[in-house]
Every structure is written in C-alpha cells, then in structure tokens.
Protein chains: 2
Amino acid sequence: MSQPRTPRIRQLEALMAVIRNGSVTAAAADLGISQPATSRLLADLGKDFDFQLFDKRDNRLVPSQEVRMLEPDIRRVLELMRHISDSSANITKRKAGHIRIACLPGFATNHLPAVVADFLKDRPGVTLTIEPDRPERILEWMITEQYDFGITDGFFGHPAVDRTDIKVRTVCVFPAGHDLGRLEKIRPRDLAQERIIHPRKDSTFFQQLDRRFQNDKVELHSLIEVRQFTAACELICKGIGVSIVSELDAVKYADQGLEYRPFHPPMPHELSLVRPIHKAPSLITLEFIEEFASSLAPFLLRG
Amino acid sequence: MSQPRTPRIRQLEALMAVIRNGSVTAAAADLGISQPATSRLLADLGKDFDFQLFDKRDNRLVPSQEVRMLEPDIRRVLELMRHISDSSANITKRKAGHIRIACLPGFATNHLPAVVADFLKDRPGVTLTIEPDRPERILEWMITEQYDFGITDGFFGHPAVDRTDIKVRTVCVFPAGHDLGRLEKIRPRDLAQERIIHPRKDSTFFQQLDRRFQNDKVELHSLIEVRQFTAACELICKGIGVSIVSELDAVKYADQGLEYRPFHPPMPHELSLVRPIHKAPSLITLEFIEEFASSLAPFLLRG
DNA sequence: AATTCGCATAACATCATGTTATAAGGCCCA
DNA sequence: TGGGCCTTATAACATGATGTTATGCGAATT
C-alpha cells in the first residue's frame, strides 16, 4: 500500500466540480478543461484516497459517504484559496492592507480625515489605525516600529527615522471683523498692540515666532499658551486674541468666525513626515504617504 | 501585468517554512528539499503575489506586512489540507467515518453495545448513530436510505433492501431454581403446565412458536404479551412465568435470577441484517456489518 | 584581501496536468 | 439482438511545476 500523499488543490477542485455537476463530462465543462483531464484528476485522487469517490445512481454520480465526510473541509480549503488569491490581488492593486499612522492630535481631527476618506474611496480592503499623540511619543513609535507613518513637527532627527520635511505656510488669524482684516499681509509690528495666542514657549514654533518679533523690534504679548493650532483657532472664533497658525488649520475655520492673512516675513510651520527607517514600508503605506504629502501641496511655503 | 494566478500549496508551504525558520536555507532543510528548490518556489510565489514577500533584518528574513495580512489564511489552508489528508488516511484504514444503525430496541441495549465498543476500540475516528425502533420503521429507514445498517426480525423482504438472514438459537428461560432446570432440553410438552411470556401474537416469532406447540399437541398458555425478549427476561428474573427467547438475550440474564435450556425442536429467531440496496455502503459500514455478523456466530442455529 | 555564508540562477530530470484520439461500457430504441 | 448515443477510461504526447546538482554573486566575517 502506497503511503497516502496529500491531495492536490486541482484534484479537490475536480472532485467538487463533479459533486456539483453530477457527471465527469459536465464537471470538465464547468472547469473549462477536457473530460479526460478531469477523469484522470479523479483517478489520481482516488488512488491517494484509497476509497471509492462516487456511486452511480440514476445515471448521476453522487459522492460516497467518505467523500461527504471530507466535503466540508474541502469546501473550506477551496474557499480560503480563493480568498488568499483575491486578497493578494487586492494587495497588489494597493486595495488592501493596513496602515498604522501616528500623528499630531490636530491632524487626527483636521486635515487627515479628508485625506483618509479620499484614499479609502477606491481601496475598500484597506484599514487604518490613527493614533494621535505628542511628538515625543510619535518619535518613540517610529523607533520601535509600532507605526508605519508619523506626522509630527519640531523634529530634530533620529538615525532610525526617515524624515521628509514639509514647510507649511503660516498665517495670522484673528476674529472676523477685526481691524487687521484691512491689511494685505500682517507683520509683527502690526501685532504690537495685540495679545497673542501661541504654542508652548519651549516649542520650536514659538521660538521661531519670537525671533520674528525680535527682528521687528516688537514685543510679543502672550495671552494664552496652547498646544494645538486648532485650540487657538477655536479661541479666536470666540473673539479672543490673535494667533499665527498653520494655514492648514486656518482654512478649516475660515467661515466659523475667523479671518486670516499671510504672515510676513514668511514663516514655515515645519512638519515632518516620518517613518521607521529599518522597516521596509508596504507599498500601500508608501502610496498613502505620497497621497498625504500631495494633499499638503496647496499649503506649501515655497522657497 | 500578468493576471494573478492562484498560488500553489507547495509555494505556501515554502512561504510558511521561511517565516518559521527565518532563512531560505533553513526552510529548505525544514521542508526536506534543496535550497534552490525553495528559492524558486518563493520566487514564483513572489511573481504571483506582486509584492515583496520578505524584508531582511538582522540577517533574518521577516515577512513583509503584506504577507502578514495573508498569513492567517495561509495557516488555515495548510492546516485544513493536513486535516483532509489525515482524515482520508483514517478513512482508508477504516478508522474514521460515520455509521447510522437502526435496530430493534433489544439490540440497542443488549448485544449491540458490546460489539460497538469493541469495534471502536481501534477506530478512534468512527462515530455512530444508533436508533432503536420497531421493524416497520427500520424497514422504512432502509428504503429511504436514512440509515446504513439495520437489525430487524420478521422481515418479509423488500426490493430496495439487501438482507442477510441469521438464525439465532432460541432457548427456554425460567426463574432460577424452577423444576425445569432438571431437564437437558425443553420441549413444548414440558411447558404444558406453564404460563408463557411471549411476543405479540401477530409476530412471526409467536406464530412459529405456536406451531411448535400445536405439533406437540400442547396448548400454549399465554401469560404476558411483550414486545421485547429483554422484557420477558426481566419478568422471569422476578420469578414470573417462562418464555422462549433468543439465546442472545438469555445469556445476558444468566446470572440475574434466570436459567435457560435449549428449546426443542430447535426453533430459530430469524434476524435480518439489512441495508439499503441502492446505496453503496461505505467500507467502514461493511466492516461493521461483518463484525456484527461474526459477533453472532456463537449463537447461530446451525442447519 | 580572502573566506564564508546565504541566496539566486542555470541546466536538467521527473511528476503533474493539460491536450487529442480512441476504446470500452451502459442505455435506448428498433 | 444489434446499432446509435452518451459517458467514462486509457493512450500518447506537450507543457508546466517541482525537484536535483553545479555554480556565481554579494554581504558579512576574518
């Protein structure tokens, strides 16, 4: 007696085709191959399985009891194979996969959702994790490779992290109807009498901003220290103070009780798109990063 | 771009082997094939799946994110294939399968359990359904092919049912200590003064018995009409009446307050082992029928 | 620079799986 | 009974899948 070899997928397909169609000839047509090919697939399978595959009844082939015992498993195998093949096709077409994104809290609520929605529109199999947190944590996640892609700012670099820096335009925002609305662009000296809402004083962004004011020989009157540009915008919509924020955030509030004008001299908000350098990114991740970067194009500070 | 072909089992095995072992060389050893063979299996799979399968890290190959997405499905497929192959081997060795048995109620409790227990001892994968019912119902189940094997009696035959008739010896049973114990064998005339417990009067068995009494010019004094030999035995164990029953049943009660002697002239209890004639029996079923039949050998009425 | 290790490629053998041609067996109908 | 007809099995062969050994290439180690 030959030791039983594990059956081949093709044989199982033939078996199921015969069960469905009730005859070898019909099964062959169903499979799109010749009748003798099907016949031999079954003969070979019958040699592997050492029992009768079919009984002849009313001129139809009906599966033997042994085959009926195996049938559920066989169905599942074939279904899974089809699923694997489908998934791989979707992955190839960048329509399936999972992307883990760590970002600044502002992006989680503000710009990112629109990009994600657009990205998912024709990629039904893709899933995402979006984790908002502080820059230090984002950096840590990149280093430990727990996330595929990070959006952060004030990034100093790290050998395990691949960075793409993006300079986003910043604008001066103020409550709608404020006198500043009469200016084309706003310089530090225009803000000499204003109380400023700004990020934490130990942030890179604040230090840049403060230097601009110093260059203009104007004192920066601090009103509120916030962590997020969106928080500043919310406050200004309520009629409190003025701020210099990323244009990304400003546009979102443009019709919610806030106006903005270019800030001069041009000052960037320096975003960094980061990812683990040692971990090969999946293609779908690269594609997302690309789409995300290009979504920022309208807001880039040229030069 | 080539249309994606469905991957082959062998390729998936190679993929999992590399994931397990972290290198192609080790995977090849694991699979028991040469390194180049493994290498090409992966290369081919990589062509089918149009993405990177592995990243090199710390001198190990770790699966790419895309592969990790597919990994659970792949595992399940391979596991199922193994299961199919195992089951088929068990079936081949007649160690798995399901047998549906319909039998007289007496057999369900009396002789059959021992045979089943013995049969299952070295066939761990086999499962059974045992359904006790009246002969008419058993016949119906055979005709409708709802059961694989039936044990019945008083069977007149049916074109859709394959029968094997078995004549089991009958014995006269009586309470332990009864005067009849002094006889070697018991004839109807020995029972002239006894009250008989017997099957229903419309049964074949009763009619045979009655004829024996008539031949001996003895009247059969009916005491209780039962459906089952075991019921008769139970009553006799309580000291009531005498009966003529299958020796199969008598032996079970031999040490429970009952004695028995051969009945003369020899009278068979005509059992029929039946199965659906149009339905090809599974090998395991045939094997069981054979084992069951031979378990009856010690009780056969020769001639 | 030389060695070693791991992987990929080449050339080839064998098995798997398809083809077409044809024979064998069961069923229906005169 | 014998002739068509349908279904399945077998034969002979082409091609693809999967194994072999021999060998080359590049990165890590010495």
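We name chains A, B, ... by the order of the sequence lines, and we start the count at 1 in each one.
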Cut-off 3.5 Å, no hydrogens considered: what does the side-chain donor-acceptor table look like for residues 147-163 of chain B, sequence neighbours left out?
| unit_1 | atom_1 | unit_2 | atom_2 | d |
| --- | --- | --- | --- | --- |
| Asp148(B) | OD1 | Gln65(A) | NE2 | 3.2 |
| Asp148(B) | OD1 | Arg100(B) | NH2 | 3.0 |
| Asp148(B) | OD2 | Arg100(B) | N | 2.8 |
| Asp148(B) | OD2 | Arg100(B) | NE | 3.3 |
| Asp153(B) | OD2 | His269(B) | NE2 | 2.9 |
| His158(B) | ND1 | Ala160(B) | N | 2.9 |
| Arg163(B) | NE | Asp165(B) | OD1 | 3.1 |
| Arg163(B) | NE | Asp165(B) | OD2 | 3.2 |
| Arg163(B) | NH2 | Phe155(B) | O | 2.9 |
| Arg163(B) | NH2 | Asp165(B) | OD1 | 3.2 |
| Arg163(B) | NH2 | Asp165(B) | OD2 | 3.1 |

Cut-off 3.5 Å, no hydrogens considered: what does the side-chain donor-acceptor table look like for residues 135-142 of chain A, sequence neighbours left out?
| unit_1 | atom_1 | unit_2 | atom_2 | d |
| --- | --- | --- | --- | --- |
| Glu136(A) | OE1 | Arg134(A) | NH1 | 3.3 |

Just distance, no hydrogens or angles: give the donor-acceptor pairs under 3.5 Å from side chains in residues 124-133 of chain B, sequence neighbours left out.
| unit_1 | atom_1 | unit_2 | atom_2 | d |
| --- | --- | --- | --- | --- |
| Thr127(B) | OG1 | Gly97(B) | O | 3.4 |
| Thr127(B) | OG1 | His98(B) | ND1 | 2.4 |
| Thr129(B) | OG1 | His98(B) | NE2 | 2.7 |

Base versus backbone protein contacts along nucleotides 6-18 of chain C [heavy-atom cut-off under 4.0 Å; B, S, -] = SBBB------SBB
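Every residue meeting the ring pair (Phe, Tyr, Trp, His ring centres under 6.0 Å) condition with Phe119(B), not counting sequence neighbours, appears here in chain and number order: Phe288(B).
Distance alone, capped at 3.5 Å, places no donor-acceptor pair between the Ser272(A) side chain and the Thr164(A) backbone.
In DNA chain C, consecutive stretches of 3 or more Watson-Crick or G-U wobble pairs with both distances under 3.5 Å are given as paired ranges: C:1-30 with D:1-30.
Residues Lys167(B) and Glu270(B) are paired through a salt bridge, judged by an N-O separation under 4.0 Å between the basic side chain and the carboxylate. Residues Arg75(A) and Glu79(A) are not paired through a salt bridge, judged by the lack of any N-O separation under 4.0 Å between the basic side chain and the carboxylate.
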